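Okay, so here's the structure we're looking at.
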Amino acid sequence: MCGVVGIVAKEKVNQSLYDALTVLQHRGQDAAGIMTCDNNHLFLRKKNGLVRDVFRTRHMAELKGNVGIGHVRYPTAGCDSSAEAQPFFVNSPYGIALGHNGNLINVDELKRDLFKEGLRHINTQSDSEVLLNVLAHELQQVGKLILDDNDIFDAVAGVIRRCRGAYATIAMIMGYGIVAFRDEYGIRPLVYGKRETKKGTEYMIASESVALDVLGFDLVRDVQPGEAIFISSDGKLSSHQCVPAKKRSPCLFEYVYLARPDSIIDNISVYKARLRMGEVLADKILKLYPDHDIDVVIPIPDTSRTAALPLAFKLGVKYREGFIKNRYIGRTFIMPGQKQRRKSVKQKLNAIGLEFKGKNVLLIDDSIVRGTTSKQIIQMAREAGANKVYFASAAPPVRYPNVYGIDMPVASELIAHERSEEEIAAYLGADWLIYQDLDDLEKAVHSKKDNIDRFETSCFNADYVTGDISQSYLQGLENTRSDGAKKKRSSKVTRIDFHNAS
């Protein structure tokens, strides 16, 4: 889960890219980067940290040009070095920069092929650097001094045919413009929009429509699975279906947790989808506990609020804010390391005792992943004086690894893996626990306007849409992406970062 943005404007894009990245900050808090192009010169600033900390006035002044791309990252692979920050850049051919949201599942094969075919060396553990070099190789095969739109689309078609997995990608080709493309299943989101100015039409591509809204761009549509959108440096847009789309399969977890509620993804309002999640979850509670003794419904801020409101209304009980959130603490789900996640929960939330004392409380969360946060929150509710603590999840049990760009790949670290709901409730310390059913969740997210064939639901049911995820691949993730493996990597000496600006 990363955030990408690209803008072709009539004036400088540095401030617009910065503003867009702050809007997309929820998609990655590990690192941020911007690269711009002006008069055939590229300007780069990237570093570990939040957007506000990476970019200072002196950095913004150096990011010249009317064309640029930006990226916010959290790591699903690789190390915590700033060398992993994006955009990545290669100087041949033409000069190409790239930002990527997703995860490639045939990285080792691609690395071997890149070296055999073009003697290309990959310097980091990031699959995004691999994706960039595949694009560079395909453009190199064009063999032309000057590119046209069709050359770029042919190169993207070659990339999509070779790269398996999930990718919503924006690349900048020096002197030409930016090209954005999406994998043939459309797993990760990507949209584009435009705005009219006195100097002409400007275009923007981003991971979520909310970034367009904030900058005054009108949403045109989603980039289609297998499609590329090319915007030239002088502001001309063209598009091409580079490869036939597979079954459109956006990630269901985007609607549950990852995306902002004010975004629209594949013609589905995230906000309305979460409202419907609350309604269908209330139906299940009423079916299982028709004579419930719930006094109050309290959401776990922030993403569960939207679902909790209609749920409380349908149950006929009070909705109250029982936890106050410190907004200067990052999202615990994406924090590296279990110890840091545990420490941050107490810093992040504080209970309002008046809303808990002597009451039977139903806590609502969007999902339960590792269970660490949920367990501590239930304990906080009891310490605040709750009589009984019930817990409901707007999503089904997360039992399996996600291999398409969400940092929850290790099955052994998922609380629901190989545990029954009763066992999970006992571990969390809840009086009872209820999960959303997967069928109900899918029905809740679907809208009348969408043209989705199916959702990517692998973290709930191990049904991987690309159909090529083996047990040995999953074991490899276990060996490299567990908290223990990440801790071991972080103790090693950090590699030199040749690309990072000072």
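Everything numeric here is computed off the predicted structure, so don't read it as measured data.
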Qualifying residues under ring-ring contact (aromatic ring centres under 6.0 Å, His included), relative to Y289, sequence neighbours excluded: W432
Looking at Y255, is R274 sitting on its ring face, NZ or CZ under 6.0 Å from the six-membered ring centre and within 45 degrees of the normal? no
Which distance, rounded to the nearest 0.5 Å, do you find between the CG of D183 and the CG of L104? 9.5 Å
With Y435 via ring-ring contact (aromatic ring centres under 6.0 Å, His included) - residues at least two apart: none
Does I294 reach the side chain of K388, with side-chain heavy atoms less than 4.5 Å apart? no
Take a 6.0 Å sphere around CG of L354 and say whether it holds more than 12 heavy atoms from other residues, nucleotides or ligands. no
Once the angle between the rings of H446 and F455 is folded into 0 to 90°, is it parallel (under 30°), tilted (30 to 60°) or perpendicular (over 60°)? tilted
If you take all heavy atoms of L24 and V4, which pair is closest and at what distance? CD1-O, 3.6 Å
So for atom NZ, which belongs to K246, do other residues, nucleotides or ligands contribute more than 12 heavy atoms lying within a distance under 6.0 Å? no
L63 and its side-chain contact (heavy atoms from CB on, under 4.5 Å) partner, picked from V13, L44, N14: N14
If we check side-chain hydrogen bond (donor to acceptor under 3.5 Å, both in side chains) with R73, which of these qualifies: N101, D30, N48? D30
With distance as the sole criterion, is a donor-acceptor pair present between the side chains of S249 and E456 under 3.5 Å? no
When you measure from the side chain of D437 to the backbone N and O of D439, does any donor-acceptor pair fall under 3.5 Å? no
Taking C-beta and beyond as the side chain, do Q25 and R52 meet within less than 4.5 Å on heavy atoms? no
Just wondering, do Y473 and I105 contact through their side chains at under 4.5 Å, heavy atoms? yes
Would you say the side chains of Y390 and D293 form a donor-acceptor pair under 3.5 Å? yes
Mind listing the side-chain donor-acceptor pairs of residues 459-466 below 3.5 Å, one per line with the distance, residues two or more places apart or on another chain?
{"residue": "N461", "atom": "OD1", "partner": "T457", "partner atom": "OG1", "Å": "3.1"}
{"residue": "N461", "atom": "OD1", "partner": "D463", "partner atom": "N", "Å": "3.1"}
{"residue": "N461", "atom": "ND2", "partner": "T457", "partner atom": "OG1", "Å": "3.1"}
{"residue": "D463", "atom": "OD2", "partner": "R454", "partner atom": "NH2", "Å": "3.1"}
{"residue": "Y464", "atom": "OH", "partner": "P401", "partner atom": "O", "Å": "2.8"}
{"residue": "T466", "atom": "OG1", "partner": "Y404", "partner atom": "OH", "Å": "2.6"}
{"residue": "T466", "atom": "OG1", "partner": "D468", "partner atom": "OD1", "Å": "2.7"}

Can you tell me if OH on Y319 sees more than 12 non-hydrogen neighbours from other groups inside 6.0 Å? yes
